[in-house]
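In what follows, a structure is listed as structure tokens, so that the remarks can point back to it.
Source: prediction; values computed, not measured. Letters A, B, ... are given to chains in the order of the sequence lines, protein chains preceding strands, and every chain is numbered from 1.
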Amino acid sequence: MMTNEEMSKRIDLLERKLNREKCARETAEKALEGYSKQAWLTNLNLEEALTNQTKRTRDLEYLIACASVKDPGITLEDLIREFVEISCQFTQCSAASYSLPSPEKPDTNFEYVFLMNDKTWRREPQINAEIQEQLVTSEGQYKNKNWMICPADFKLSFHDNPMNWLYRFHFKVDNNLQAWLCFFSDQPEVEEETIYVLNTSESIFLNNIQKTLIKARLVRRNEELQATVKELQFAQNQLVQSEKMVVLGQLAAGVAHEINNPMSFIKSNLQILTDYIDEIETCQNYLTAKVNEEGTIDSTTYSQALSNIDYQFIMSDTKEILTSAAEGAKRVSEIIRDLKSFTHRGSGDFTLMDLGDCLNSAIKIAQSGLNKNCIIEKHIPELSMIHASNGQLQQVFINLFVNAGDAMAPNGGTIKVIAEETQNSIIIRVSDTGCGMDELTRNKLFTPFFTTKPVGQGTGLGLSVSFAILESHEATIEVETELNVGTTFIVTFPVKNL
Amino acid sequence: MKGVILVKLGEFVESVFDDALWDEMLTEANLPSQGAYTTVSNYDDNEFFQLIDLIKTKKGLPNADIQRAYGEWLFEHLLTLAPEHALIIKDTFSFLHKAQNLIHVEVKKLHPEAIIPNFTFIHQSEQALTMRYQSHRGLCFLCEGIISGLAIKTKEQLSISQSQCVHKGDTECIIEVLKHDDK
Ligand code: HEM
């Protein structure tokens with residue numbers, strides 16, 4: 001049993017204990033409150049960090065979008081539009097516009113507006129005036145590198161809310177013209193971070209602009225070059241054609257003679273035929289009169305009449321005359337055909353053709369123009385068909401023959417034309433027994449306007465034009481020459497198995 | 001010092017002696033906290049040392065023995081604070097490593113204001129472990145006690161001593177733990 005004194009002592013102790021417990025509880029509760037407040041603050045911080053993170057992600061996504069130009073061949077205008085669209089979205093602006101001057105239209109002119117709410121471009125007739133006015137009033141305000149972000153207070157005709165901010169940005173395009181970008185924001189404020197990000201996107205954008213400009217310049221230069229090449233090709237065709245005419249001129253006398261010859265004997269043959277017809281008619285008339293007079297004629301009278309005009313001879317001669325006239329006509333038409341194919345203008349028309357035929361007709365044309373004491377010997381076997389221009393190659397060969405003839409003047413000699421086919425090429429040799437060439441001549445052989453002929457006789461273009469023609473046929477030409485012995489031109493054509 | 005160490009000291013005194021002694025000690029010591037300890041608060045280290053000293057004078061026991069006894073009693077209670085995955089106790093030696101490398105690290109993370117001793121394991125074999133105890137608090141005897149509390153849990157026969165101790169004038173405390181096979 002506890003005494004009273006002990007009891008009250010115990011009660012005091014328990015009271016103190018209780019007090020301490022109370023105290024401890026209060027402390028604990030306070031600590032708990034502190035903790036929960038801290039937890040709340042921490043949570044707040046975390047939320048803020050998350051928002052920041054989301055913003056940074058947005059910044060990055062925007063910058064990446066700026067850097068990745070989808071189409072490498074994009075035009076300057078499309079590049080600008082793309083940048084305006086994504087930047088408008090990023091800055092949460094309500095609308096944006098741009099001015100892209102060109103040498104034809106050098107003035108600053110805003111024509112199209114990008115509207116954020118329906119994400120479309122619209123042509124707005126009054127936008128230019130409205131923006132120009134803002135550009136003037138915002139002049140000289142807060143400047144941040146190329147971006148200028150100016151507080152504003154104005155209304156755009158196509159947007160309900162008043163605009164609080166104007167973002168403007170200009171840069172140089174070709175010919176030192178100034179392009180402009182303008183963004184309009186109805187947001188109450190602009191975040192500082194946004195400005196930093198815009199400064200970064202700006203350099204990316206300018207870099208893309210630079211690239212696009214350079215590309216456009218290259219494309220333009222390329223087009224110019226192609227036009228020049230076309231002009232040159234045209235000029236070369238002209239040259240080939242006129243060179244052809246020169247050769248034709250050189251040949252003209254010979255060709256005329258060649259045509260005249262058969263023509264004159266056709267003419268004299270026709271005269272003889274007319275005489276024969278006359279005689280036969282006279283005979284016919286005599287015999288008819290005789291029959292009318294006497295009712296009949298005897299065979300002696302008939303034979304006598306025929307032998308009087310030498311009927312037998314007339315008939316056999318007439319046959320001969322007709323044959324040779326037909327031959328003459330054929331000859332003339334052949335010459336004309338060859339000349340036609342030679343002068344034919346379709347210079348670059350490559351067809352599947354027989355080099356042998358081409359050589360033969362070239363020989364025919366050239367022969368008529370050559371000196372009488374020049375003999376052409378040919379050895380042309382059956383050759384594979386090749387893709388080539390008949391007219392151009394005829395020109396080349398005729399040129400070679402004419403040159404060979406000239407080299408052998410005035411005494412004449414033999415021109416040998418030998419064709420030969422190997423595994424993958426056709427080789428044509430044209431050799432003469434002429435004067436040959438010295439080193440100097442040989443080296444200048446294919447130079448335009450170089451000629452050994454007296455002034456007025458050669459253009460000096462022949463071989464260089466031939467050379468160009470052969471080149472376009474992927475053929476090569478070589479020369480072997482010895483002074484006072486002769487010259488051989490060797491032309492080699494590739495044969496592609498068709 | 002974390003409140004848990006002082007709250008548990010009160011429970012220790014009340015269970016080994018009685019609540020009258022704890023009340024007497026607190027009344028006499030007249031500490032800033034008035035002994036209203038909670039586990040969630042921190043207290044001046046001195047309160048702990050004063051209370052240990054009071055037990056010493058009132059019960060005539062050496063300071064070291066009090067700390068050892070408290071440590072041995074404390075270990076089981078510390079376990080309730082430990083992260084769950086740390087609670088698997090294989091044997092004393094491995095758990096000492098775990099206390100240094102995992103448990104105290106986690107404690108420090110949860111309570112940055114806690115002051116945690118540093119253990120350096122100098123030598124270890126099947127039977128013996130030598131570790132350096134470092135703390136400006138110099139609670140090496142408490143540490144010895146905690147280790148013997150741990151040994152009770154693992155049912156290992158251990159002898160725990162210090163070959164060097166700052167309280168004997170050495171520069172550091174080296175705790176030697178020896179295992180006896182007579183299980
Ligand atoms: C169950 C696992 C354990 C837990 C949860 C734990 C937790 C703690 C906590 C909360 C403190 C108080 C820190 C402060 O505020 O001052 C402490 C101190 C201490 N612990 Fe542990 N501990 C554990 C295991 C151990 C073990 C196994 C040892 C023995 C080697 C140990 C030795 C100590 C010592 C000596 C202190 C006193 C502080 C000092 O010396 O400076 N602990 N521990």
Should [X] and [Y] count as an ion pair when the cut-off is N to O under 4.0 Å?
X         : Y        : result
Glu193(A) : Lys55(A) : no
Glu113(B) : Lys2(B)  : yes
Glu24(B)  : Lys58(B) : yes
Arg56(A)  : Asp59(A) : yes
Glu14(B)  : Lys17(A) : yes
Arg10(A)  : Asp19(B) : yes

key: His77(B) and Glu11(B) side chains, donor-acceptor separation under 3.5 Å   =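 No - no donor-acceptor pair under 3.5 Å links their side chains.
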message = Need one label for Thr39(B): side chain, backbone, both or neither, based on atoms under 4.5 Å from any heavy atom in chain A.
response =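 For Thr39(B), no heavy atom lies under 4.5 Å from chain A.
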Any residue of residues 29-52 of chain A which, by heavy atoms, sits under 4.5 Å from chain B =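 Hits under 4.5 Å: Ala31(A), Tyr35(A).
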key: Options Cys23(A), Ala28(A), Ala24(A), ranked by heavy-atom pairs under 4.5 Å with chain B, top entry   =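 Of the candidates given, the most pairs with chain B belong to Ala24(A).
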